[in-house]
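Take a look at the structure set out below.
Sequence lines set the chain letters: A, B, ... in the order given, protein chains first and strands last, and positions in each chain run from 1.
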Number of protein chains: 2
Amino acid sequence: MAQTETKEQSTRTRIVEASAELFRRHGYAGTGVKAIVASSTSTYGSLYHFFPGGKEELGVVALRSGGETYRRLVEAFYTEGADVVVATNSFFEGAAIVVEMTGFADACPIATVALEVADTSEPMRQAAAEAFESWLAVLEKRFSEAGMDPARAREVAVELFCAIEGAFLLSRTIRSTEPIKIAGRACSAAVGAAVGRTQVASRNRRAKRARNVIP
Amino acid sequence: MAQTETKEQSTRTRIVEASAELFRRHGYAGTGVKAIVASSTSTYGSLYHFFPGGKEELGVVALRSGGETYRRLVEAFYTEGADVVVATNSFFEGAAIVVEMTGFADACPIATVALEVADTSEPMRQAAAEAFESWLAVLEKRFSEAGMDPARAREVAVELFCAIEGAFLLSRTIRSTEPIKIAGRACSAAVGAAVGRTQVASRNRRAKRARNVIP
DNA sequence: GACCTCCTGGATAGATCAATCTAGTATTGT
DNA sequence: ACAATACTAGATTGATCTATCCAGGAGGTC
């Protein structure tokens, strides 16, 4: 068990990655098992061997996989001790570049499926929820460390999440990165304000309060 | 033609409304024509009589219909001359109530389908884009009237859009209205700041500039 | 009443769907 | 070497999908 997997990806991995990509791009219902088999150069036999729960199990695993990958991406921008305003700026800029480079196809690995299955498949809904919460947890942690009080850190994390997800939706739909750039500027400013960065002087009252809590 | 339609809805209308609801809840690919026929108490014959383009034409029409309905909803909150901060607050509060009342099923009438078809069906993508832009146009207009310069009004409109759409996504996924409330507070504050509302004194520089442009 | 257009009803076709099944080939442990 | 297990292969099944088709009802016009 747990074989070494040196050179090429295992069949299982290929299936999960192909699923994640197809689900993200065309949605859950819009992706056929046949397409997954073809795209992963595997077979029905292999797919149902590794995922006896069928398409839905594959959906859950793909959401977890995409969620995990994206969480690492968030962590790569919001590193420990990094300036959260700079990180926010970079994160949105990076997102805009990726979205544009993939022809407005790849944005959030979860959102498309999450909306589709939110009241259709409870296991998948939960997997999506856990993915989202794991991203929020990273942001909350960094924002707390940067001086926000925990409740405020949660709020700002949620605001940032909403901004980027809404921007992804609008960007993919109108085929322009403008929304990501606008949301990025707004979020960087909001994070700066919440963390007590100068910019606008009297905005600091709330942030100063926060910094007293976490010295 | 254009018959009076006094008491009960026309078959065509019933089909469009059933489609819009089913697409919004379960997505485009996740909704079968059979389900639309059943839910609208019509038949295949009627459906393909009114929509010879089949499911895709129905998708376009449903997006337009949902977009129009929601645009009117936005206009009902952001009435001419209304306080944009109050309107923003009410809008998010209303959204939270609706989302909760429908058991986290009904939020945005466009988003689910928009993400699904963004790089699958060009006619549907365009219909979704037009719906979104029509909402943004309403917000832009009101924000301009409230004293923001046009470019800034567009930005704030986009920020608000992203916030509510992201909040809808997160709310439906984690089954909580918390994100809508957080996003609402943040947006009301941002709108207030952009419009030059006091709250934080020195935030006004940019807004004052804007008010000089539109006296 | 005959005709015409608009709409309804639903059976049916043909494609595609998820999933199963059996037979087979590696790989592993002893 | 042998047996057991892990994985692959893909034809097949029955359900479900979108779309077509045509017979007929409803209502208006001459």
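Look at Tyr48(A) and you'll find a side-chain N or O under 4.0 angstrom from OP1 or OP2 of dA19(C).
With rounding to whole Å, Ile36(A) atom CD1 is found 17 Å from dT16(C) atom P. Distance NE2 (His49(A)) to C1' (dT8(D)): 9 Å, rounded to an integer number of Å. For Phe51(B) and dC6(C), the CZ to P distance is 16 Å, given to the nearest whole Å. Per the geometry, CZ belonging to Phe50(A) stands 18 Å off P belonging to dA19(C), to the nearest Å. The CZ atom of Arg14(B) sits 11 Å away from the C1' atom of dT8(C) (whole-angstrom rounding). Remark: C1' of dA6(D) and CZ of Arg12(A) are 14 Å apart, rounded to the nearest angstrom. Protein atom CG of Leu47(B) is 16 Å distant from nucleotide atom P of dC21(D), rounded to whole Å.
The main-chain N or O of Val99(A) is found under 3.5 Å from a side-chain atom of Thr102(A) such that the two form a donor-acceptor pair.
Note on Gly54(B): only backbone sugar-phosphate atoms sit closer than 4.0 angstrom, heavy atoms only; bases stay farther off. Within the 4.0 angstrom heavy-atom criterion, base atoms lie near Gly45(A). Backbone-only contact: Thr11(A) has heavy atoms under 4.0 Å from sugar-phosphate atoms and none from a base. Residue Thr31(A) is classed as a sugar-phosphate contact, given heavy-atom separations below 4.0 Å to backbone atoms only.
Distance from the side chain of Lys55(B) is smallest to dA19(D) among dT20(C), dA19(D), dT8(D).
None of Tyr70(A), Phe91(A), Phe132(A) except one satisfies the ring-ring contact (aromatic ring centres under 6.0 Å, His included) rule with Phe161(A); the exception is Phe132(A).
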